[in-house]
Amino acid sequence: MIKKTKIPILSITMAAILALSKLIVALYTGSMAILSSALDSILDIVASGVNYFALKASEEPPDKAHPYGHGKFESLAAFVQALIIMATGVYLFYRSIMGLIDKKDLTDLNTGIYIMLFSMFMTLLLTISLRYYAKKYNSTIILTDAMHYEIDLITNTGVLVTLFLVRYTGFYQIDFIVSSLISVYIIYSAFDLARDVSSILLDREMSEEDQTKIRDILKDYDNSFVDYHKMRTRSSGKTKFVDMHITLCKNMSLNDAHHIADFIEKDLKEKISDLDVIIHIDPCEIGNCPGQENCERFIDVIKTKKIDN
């Protein structure tokens with residue numbers, strides 16, 4: 001099993017092999033489509049390198065300057081990658097249009113076809129591996145890496161089809177048309193990625209699925225507090241944060257109130273992985289106070305839980 005911080009090295013090695021081989025063949029054949037794929041692989045080297053350092057930084061424990069940890073290094077790295085991908089897509093589009101204008105011919109398409117078949121096979125293996133580790137480690141940045149190579153699979157398929165069409169029709173302009181379409185797809189994918197990770201950097205709330213889990217867990221404590229309110233959630237890397245207020249009977253002792261908050265916090269952390277919980281306690285007021293009888297019931301519930309634990 002590969003450690004989380006070592007996974008980008010696997011991506012860098014694979015991207016370097018593919019980039020070098022495709023670049024040589026692109027210069028030899030004159031294919032803009034293959035060149036666009038080679039530049040995309042070079043971009044993957046840069047992206048995976050950023051991922052390597054971002055993953056190492058995100059795994060650092062909280063410190064005085066970063067009490068909430070370093071998880072957002074992952075999202076920041078993904079955002080930087082999205083900008084680089086977008087810039088590369090613009091450059092590829094420019095080169096494709098210039099290729100159509102200059103009417104440059106292609107040579108030795110068989111070599112280009114072989115290298116693209118090899119590239120697709122290796123990229124498929126890498127994508128499957130990255131998807132597996134992204135799920136295992138719940139890592140946004142590894143998932144981003146996997147998305148890069150999934151885009152590569154799509155673009156490589158387009159390049160391969162293009163080379164076959166040029167070979168059997170002699171219409172070499174297809175190469176430049178397809179490479180321009182690939183560049184547009186790359187720009188769109190980069191924009192979509194930037195939009196997603198920027199929402200995390202701006203403290204987007206946790207997924208609806210996780211929020212539903214929290215509400216369901218809190219329902220189990222209906223007989224321990226009056227209500228809960230002002231619940232806020234966000235995520236930073238793999239760590240999820242939730243804070244909330246719970247209303248308790250004002251006649252309850254501080255010790256019993258503390259135990260209620262502790263039980264809820266413990267239950268949430270056991271059922272939702274990588275969760276950080278902060279609970280603020282509010283006393284009941286006129287209009288929502290359960291009364292002395294219910295207050296005693298709340299206390300009896302807590303005493304029972306203390307015995308069970």
Side-chain angles (χ1 to χ4, degrees), residues 8 11-12 14-16 18-51 53-54 74-106 112 115-116 119-120 123 126-127 130 140-141 143-163 165-166 172-202:
S11 301
I12 292 171
M14 183 63 69
L18 295 178
L20 182 60
S21 56
K22 285 189 283 189
L23 186 60
I24 292 172
V25 173
L27 295 175
Y28 176 63
T29 62
S31 170
M32 262 303 302
I34 297 179
L35 180 61
S36 68
S37 184
L39 290 176
D40 194 32
S41 293
I42 293 173
L43 175 64
D44 288 335
I45 297 174
V46 176
S48 296
V50 173
N51 288 349
F53 291 105
E74 288 196 25
S75 300
L76 181 60
F79 185 76
V80 172
Q81 288 178 49
L83 296 181
I84 296 173
I85 293 172
M86 197 178 300
T88 302
V90 172
Y91 173 73
L92 289 177
F93 184 78
Y94 166 76
R95 287 295 303 270
S96 300
I97 298 302
M98 292 306 297
L100 280 171
I101 295 174
D102 294 340
K103 299 180 180 180
K104 186 178 179 181
D105 207 350
L106 308 180
I115 194 63
M116 293 314 300
S119 176
M120 288 177 65
T123 303
L126 181 59
T127 300
L130 291 175
T140 302
I141 204 163
L143 179 61
T144 302
D145 227 11
M147 289 173 61
H148 286 168
Y149 290 99
E150 286 171 359
I151 292 174
D152 284 353
L153 275 176
I154 296 172
T155 57
N156 289 345
T157 301
V159 171
L160 185 62
V161 172
T162 297
L163 295 177
L165 289 175
V166 173
Y172 67 87
Q173 286 89 347
I174 295 176
D175 179 78
F176 302 102
I177 293 172
V178 170
S179 63
S180 64
L181 293 175
I182 289 173
S183 65
V184 171
Y185 178 74
I186 290 173
I187 294 170
Y188 170 78
S189 299
F191 177 79
D192 195 44
L193 174 61
R195 182 184 59 189
D196 287 343
V197 297
S198 62
S199 65
I200 297 175
L201 290 171
L202 295 173

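- For Tyr188, there are no side chain to side chain contact (heavy atoms under 4.5 Å, CB included) partners, not counting sequence neighbours.
- Heavy-atom minimum distance, Val25 versus Ile115: CG1-CG2, 3.8 Å.
- Ala15 and Tyr149 make their closest contact through CB-OH, 3.3 Å (heavy atoms, listed as atom of the first residue, atom of the second, distance).
- The side-chain heavy atoms of Tyr185 and Leu181, taken from C-beta on, include no pair separated by under 4.5 Å.
- Heavy atoms only, all atoms of each residue included: Leu18 and Ser119 are closest at CD2-CA, 3.7 Å.
- Scanning for side chain to side chain contact (heavy atoms under 4.5 Å, CB included) contacts around Ile24 gives Leu20, with sequence neighbours left out.
- Residues passing the side chain to side chain contact (heavy atoms under 4.5 Å, CB included) test with Leu153 are Thr123, Leu124, Thr127, sequence neighbours excluded.
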